[in-house]
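I have placed the structure first, in the form of C-alpha cells, so that the comments after it can refer back to it.
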Amino acid sequence: MTASVPPAPSGYPENVAEEPIGYDPSAVEARWRQRWADRGTHRPDLAKGEDPFYALMMFPYPSAEGLHVGNLFAFTGCDIYARFQRLQGHTVFEPLGYDAFGIHSENFALKVGVHPTELIPRNVANFRRQLDRAGLMVDWSRSVDTTDPAYYKWTQWVFLQLHKQGLAYKKAAAVNWCPTDKTVLANEQVEDGRCERCGTVVEQRFLEQWFFRISDFAGRLLDNLDTLDWSPTTKQAQRNWLGRSEGAKLRFRVVDPLTAAGSSAVAVTTEVVLKGTEIEVFTTRPDTIFGATYLVLAPEHPLVDGLTAPAHQSAVRAYRDRAAKQDLITRKTNKEKTGEFTGAYAVNPATGDLIPVWIADYVLMEYGTGAIMAVPGHDERDHEFALKFTLPIVRVVAGEGQTARSPVIAEAYTGDGVLVNSGQFDGLGVEEGKAKVTAWLAGRHAGEAVTNYRLHDWCISRQRYWGPPIPIIYCDDCGTVPVPEADLPVVLPFIPDFKPDDSGISPLARHEEWYRVACPTCGKMGRRETDVSDTFLDSAWYFLRYPSVPRTDVAFDAAITKKWLPVTTYIGGNEHAVLHLLYARFITMVLHDAGMLHFEEPFTKFRAHGLIIREGAKMSKSKGNVVNPDDYIDQWGADSFRTYLMFLGPFEEGGDFRDAGISGVKRFLDRLWASVRDRTAAGAPDPEVLRKLAATIKKVGEDTPALSYNTAIAAMMEYMNTLRKGERPSHVQEVEPLVQLVAPYAPHIAEELWEMLGHKESVMDAGWPKFDPSLLVSDTIELVVQVGGKTRGKIVVPKSITQDAALAAARADASVGKFITGEPSKVILVPGRLLNVVL
RNA sequence: GCGGAAGUGGCGGAACUGGUAGACGCGCGGGACUUAGGAUCCCGUGCCGAAAGGCGUGUGGGUUCGAGUCCCACCUUUCGCACCA
C-alpha cells in the first residue's frame, strides 16, 4: 500500500512556498460533517421546496460485519446523482434507512447467541457511524427502521389493505421448507432446489400459508414495463420472471375404455367417476395437437385418484408417494424420465383417437394446469418419455427437406415448418396453424386461447420470530378476523427463546400469553396468527414512508405523497431485479387501485449499478479480500475513497478494486487544493484555459447525469492537468468552477475550498457553473488526413473549407503531402472531421 | 438448453450517429529537488523497427473511401432462467 502524504496543518498556510501540496482530509471532513449537521444542509423543506427530486437508494440490512464496500459504492453513486440534481436547482430528498427484519439478521443473532432486539440496534449504530463518514447527503431526520413498531405498524396496515381487497388469502400448500433455517421459503428464495441463504436442500411440506395474489397482476406488471425508464437488464429479468406464454387450454374427455371400440384389453375404470371428466392441459403448441399421442398429469394432480384403473392403483400410488417424498432438488435436476400409466384413456379432440393417460414428475403441478398433452414428435421431453415407455411418435410438422413420412425417431423436431398429418390443417405454417387449430377446437368447445404466466402467488408467511406478526386473529365463531387498524401495531413480543424448531410453527406459537387474545368481533377468546411476514413485505413499501416520517397517524401523508412520489430515480443492485422490485410494484398497484396513491408504478427511473470485485475475484470473507471502508477512509479520506470508487469503472458495470489506484485520486484532490490555495485574482485568466474549462463543464454536466462518473472524473483530472501546465498560480476564475464540478464527488473538500474562495453558503447551494458555448466553437479545425483510408496526419484549416481547398492544403502540408503521390481517384471530405484521399 | 451482457496496452478502463484507437488513472523507465525519498515536480511509455515505416481492439470471413463500432460464422468469459409444456 502506498504511504500517505505528509499531514498538512489545518487552516490556511501563510508561507505558501513552504507548504506541502497535500491536505489533511480527516480534519476537513470532520469539520464539514459537523457543519452539515448543525446547519441542516441535508434536510430539505419537503412542504415548501420547489421542483422536488426524490433520489432513492436501496436501503441496507445492517449486518454485524458492518458496511460493505459494495453498499458504499451504490450509495455514493446515488449520492452523486442526487447532489448533481440539487446543483441543477432541484429540492432533493435523499433518505436512507435500515432493512433490519428478516432471516439474515435473525440467523446471525442465533449464531452469536445474542437476542436480535439487542444485536440489531448495535448493528444499526455501527452502520450509522460508517455512513456518517461517507459524506452522503442523507436526510437522517426522515429515516426508517423496519423493526421499529412505528414502522411495522404500517407494514401490518399494508397487509390489512390487501386482505380487505381479497388479495391476501390462506391456503394449505406444498411449500419449500428449509430444514436448516426451519422456515418456509418463497419460490424465489430457492435456487437449484437449495435454500438461497444457507444452501441446504429444500424439502416439501404442506402448511397453511398466507399468500398475496400477485399472479392476478402478472399481465399489468409485464405491460407496464414498456412505460418505465429502467435498466434494460432489469426489465429483461422481470420479463423472464413473469414468464408470459401465449398458448391454449385444451380439454381432453376421459372415456370408459369398455365403451370404446377395440379397447377390450385395457382395464376397467369406474364409469361413475369418469362421466363428464375432462383433463385440461396448457400448451403453447396447439398446432401440434394431431401429434398428441398421450397425456401426462403431474403426480399431485387432483384427478389422478379418480381416473386410475383398479389394476393400476397400487403402482400409481407408489409412484405418487415416491414423487411426494422426493425433495425438489432431485426432482428438478434428475432429468431421467420416470412415469406410470394410470390405465385411463382420453380422446384426442382433433383425431378422435384414444390416447393413454400417464402420470410423471416431469410435469409440474404449479405450472399451467398441471397436465400436458404430449407431442413426442415435436417436444424433446415428450420424445424422451415416449422412447422410454414405447409410446407412439407421430410427425405433424415438416421442416425444410422433411415430409409427412420423415421419421422423428432420432430426436424431436422443434423447429419451424408446415403442418402435416393434420387433416384440414395440412400445409399451414406453424404460427398460422396455432391460431387456426385453436379457433377450430374452440368452436368444438374443446379449448380456447389463453395467456399463461410463470409467476406464482407470493407466499408471505414465515414461521420465524424476527418479523412483523401477521395481524390476524382466529376465532372459533367468527373465523379469520383481521386485527382492526386502530389496534395496530401488533407488537412483536420479547421472547428469549426465539429459536425456530422443526415443528412447522413459529416460535411465537409457544407463547400462549401472547397469542391468546379476545376476538375483536365477538369478544370471545381467540388466537393470534403466530407467523410473521416476509421481509420483502417490509421493503415493498418503505419508499412511501420516508417523506411522511414525522407523522405517526397515517402510513403516508396525502399532500406530501402527492408532491414527492413516485420516486424520481431509484438506484440499486440487480440482485433485487425480480423480487424486491416486483413486490414493490405490486404493492404500489394495489394501493393505487384502492385509491390511496395517484400512481401505479413506484419508480419512474431505475438504474442498476454494477458490482465491485477485488483484484479480479469476488469479495468474500473466505478469500480474505474484503475491503473495509473504514480503513480506507482513515488513510485516504472519504472524498478520495468516494471518488476512487466511482473512478474505477463505469457505475452501471462495476469495477475492479485495486489498492494502488487510490493514490491517483488523492493526488488529484491535493492538486486541486493547492490550486485554490495558490490562486491569484491578478491579471486575466488564460483564454485557452477558459476554453478547456468550458469544455469540462459541458462534459461533466453531461456525464454525471448519465452515471458516467468515471469519465466525468477523468475530464476533471484532464482539466487539472491543463491548469498545471501554466507554471503560474491559477486565476480564481479558472479554479472556482472546478470546485463546483467536484462537489458531488468530493463534497467535503469542495465545501472547504468553496469557503476558502470566500463564499458563505454551502457549495451545494451554489448551483452549477455556467459556461459560454461560443468558447467551444472555433473558426479553424484540425482536419484528419487519410490517404487510402490510412491516417497520415492532421492539418489545421478553416472550418468551412471546401473539398478542393482541403486537398490543396493537404498536398502543401510537409508531413502529409508526401503521401499524396498522384492524382486521386476519389476524395472524401467529412466536414469538420477528415479528408480521405484515395489514389 | 433458453435469454442477456461483454472480449481493447503490463493493469483498471476511454473512444458521440462508422471518421486520429488507447483519454484519465495505476504501474513502469528516465530526470530534477534532496542527507534521504516509497513525498513532490518534469519528460517518456501499444507492439516490432536504428529510422523510414509496418502491425495492432478474441478468431475467420464480408460490407465500406474508411470498421473497436455494421453483417455472417466461430471461440471465450460472465450474469439471469431452467423438465415452464
Side-chain angles (χ1 to χ4, degrees), chain A residues 1-6 20-22 191-192 232-241 243-245 247 281-285 288 296 331-337 360-364 366-375 378-382 384-385 414 452-455 574-575 577-578 611 613 615-616 644 647-650 653 655-665 667-668 670-671 674 702 708 710-721 724 727 782-794 824-830 832-839:
Chain A
M1 207 174 289
T2 321
S4 58
V5 295
I21 187 170
E191 285 172 3
D192 288 336
T233 51
T234 312
K235 282 195 191 186
Q236 195 54 45
Q238 293 223 340
R239 287 198 184 98
N240 291 344
W241 193 261
R244 182 191 183 105
S245 289
V281 305
F282 173 73
T283 178
T284 54
R285 294 295 304 275
T288 61
V296 188
R331 176 158 175 182
K332 293 211 170 184
T333 54
N334 181 9
K335 311 232 164 157
E336 175 75 24
K337 294 285 177 290
D361 66 3
Y362 81 93
V363 175
L364 308 174
E366 65 262 26
Y367 184 75
T369 60
I372 62 156
M373 66 176 205
V375 184
H378 306 283
D379 181 280
E380 284 163 16
R381 296 151 302 177
D382 298 344
E384 189 189 335
F385 191 84
T414 55
N452 199 47
Y453 293 91
R454 211 176 62 98
L455 181 72
N574 241 350
E575 70 273 16
V578 284
L611 297 176
I613 54 170
E615 273 147 30
Y644 176 61
F647 184 56
L648 50 72
E653 286 165 38
D656 194 351
F657 189 98
R658 282 166 201 255
D659 289 354
I662 305 183
S663 58
V665 171
R667 200 169 288 137
F668 164 66
D670 281 340
R671 288 168 175 174
E702 288 166 355
S708 292
N710 54 335
T711 54
I713 294 164
M716 291 188 277
M717 288 173 163
E718 213 175 317
Y719 178 63
M720 190 74 242
N721 293 342
R724 286 153 41 78
E727 292 187 1
E782 288 189 330
L783 194 68
V784 173
V785 179
Q786 295 184 343
V787 178
K790 264 193 202 322
T791 301
R792 294 301 184 178
K794 60 192 175 186
S825 62
K826 191 170 185 180
V827 178
I828 291 143
L829 178 74
V830 182
R833 280 187 190 272
L834 67 70
L835 177 76
N836 189 5
V837 182
V838 186
L839 295 173

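Letters go in sequence order (proteins before strands), and every chain restarts at 1. Only a predicted model underlies this, so the values are computations on that prediction, with no experimental measurement involved.
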For A:Q238 and B:G80, give me the distance from atom CD to atom C1', rounded to whole Å. 13 Å
Would you state whether a donor and an acceptor, one from the side chain of A:Q786 and one from the base of B:G19, lie under 3.5 Å apart? yes
In whole angstrom, give the distance that lies between atom CD of A:Q236 and atom P of B:C81. 13 Å
Rounding to a whole Å, what distance do you find between A:R724:CZ and B:C24:P? 13 Å
For B:A82, take OP1 and OP2 only and decide whether either is under 4.0 Å from a side-chain N or O of A:R454. yes
What are the two closest heavy atoms between A:I372 and A:D382, and how far apart are they? CD1-OD1, 3.5 Å
Closest non-hydrogen contact found for A:V363 with A:G370 is CG1-O, 3.5 Å
NA contact type, A:S245, heavy-atom cut-off 4.0 Å: base, sugar-phosphate, or nothing? sugar-phosphate
Could you please name the option among B:A85, B:A23, B:C26 that lies closest to any side-chain atom of A:R667? B:C26
Looking for any heavy atom pair under 4.0 Å, which part of the strands does A:E782 touch: base, sugar-phosphate only, or nothing? base
Separation between the P atoms of B:C43 and B:A23, rounded to whole Å: 15 Å
Rounded to the nearest 0.5 Å, how far does CE of A:M720 lie from CD1 of A:I713? 15.0 Å
Below the 4.0 Å mark, does B:U20 have OP1 or OP2 next to a side-chain nitrogen or oxygen of A:K794? no
Is there side-chain contact between A:I828 and A:Q786, with heavy atoms separated by less than 4.5 Å? no
Has A:R239 got a side-chain N or O lying under 4.0 Å from the OP1 or OP2 atom of B:G80? no
Specify the closest pair of heavy atoms between A:F668 and A:M716, including all atoms of both residues, with the distance to one decimal. CE1-O, 3.6 Å
Taking every non-hydrogen atom, the tightest pair across A:F282 and A:Y367: CE2-OH, 3.8 Å
Whole angstroms only, please: what is the CZ-P distance between A:R244 and B:A85? 13 Å
Side chains of A:E384 and A:Y362 in contact at under 4.5 Å (non-hydrogen atoms): no
Any stem touching RNA chain B, meaning at least three consecutive Watson-Crick or G-U pairs under 3.5 Å, ordered by first number, would be B:1-7 with B:75-81, B:10-12 with B:24-26, B:27-32 with B:40-45, B:46-48 with B:53-55, B:58-62 with B:70-74
Classify the ring geometry between A:F657 and A:Y644 as parallel (under 30°), tilted (30 to 60°) or perpendicular (over 60°). perpendicular
Of A:G368 and A:G664, whose nearest nucleotide on RNA chain B comes first from the 5' end? A:G664
Nearest-0.5 Å distance, CG of residue A:D656 to CD1 of residue A:I613: 4.5 Å
Choose from B:U20, B:C24, B:C65 the nucleotide whose nearest atom is closest to any side-chain atom of A:T791. B:U20
Describe the nucleic acid contact of A:V784 in one word from base, sugar-phosphate, nothing, applying a heavy-atom distance below 4.0 Å. base
Tell me whether the guanidinium CZ or amine NZ of A:K337 lies under 6.0 angstrom from the six-membered ring centre of A:F385 and within 45° of its axis. no
Look at all strands and tell whether A:D382 reaches a base, only sugar-phosphate, or nothing, counting heavy atoms closer than 4.0 Å. nothing
Rounded P spacing from B:C65 to B:G60 in Å: 23 Å
Report the nucleotide, chosen from B:G12, B:C42, B:A23, that has the shortest atom-to-atom distance to any side-chain atom of A:D656. B:G12
Could you check whether A:L834 gets within reach of a base, just the sugar-phosphate, or nothing at all, counting any heavy atom under 4.0 Å? base
B:C11 P sits how many Å from A:F647 CZ, rounded? 17 Å
Is any side-chain nitrogen or oxygen of A:R671 closer than 4.0 Å to OP1 or OP2 of B:C41? yes
Are any of A:T414's side-chain N or O atoms less than 4.0 Å away from OP1 or OP2 of B:C2? no
Taking every heavy atom of A:S245 against every heavy atom of A:T284, the minimum-distance pair comes out as CB-CG2, 4.0 Å
Out of B:C81, B:G19, B:U20, which nucleotide sits closest to the side chain of A:N836? B:G19
Any idea which heavy atoms bring A:R285 and A:T414 closest together, and the distance? NH1-O, 4.2 Å
Could you go over nucleotides 14-17 of chain B and give all protein N or O partners under 3.5 Å, atom names and distances?
from, atom 1, to, atom 2, distance (Å)
B:A14, OP1, A:N710, ND2, 3.1
B:C16, N3, A:R833, NH2, 3.1
B:C16, N4, A:R833, NH1, 2.8
B:U17, O4, A:R833, NH2, 2.9

Side chain of A:N240 (C-beta onward), nearest among B:G3, B:A23, B:C11: B:G3
How should the glycosidic conformation of B:G9 be described, syn or anti, under the criterion that syn lies within 90° of 0? syn
Can you measure A:I828 atom CD1 to B:G18 atom C1' for me and round it to whole angstrom units? 13 Å
B:A85, B:C26, B:G25: which one has an atom nearest the side-chain heavy atoms of A:N721? B:G25
Please classify the nucleic acid contact of A:R792 as base, sugar-phosphate, or nothing, using heavy-atom distances under 4.0 Å. sugar-phosphate
Rounded to the nearest Å, what distance is computed from the CG atom of residue A:L455 to the P atom of nucleotide B:G80? 19 Å
Does A:K790 have a side-chain nitrogen or oxygen under 4.0 Å from the phosphate oxygens OP1 or OP2 of B:C55? yes
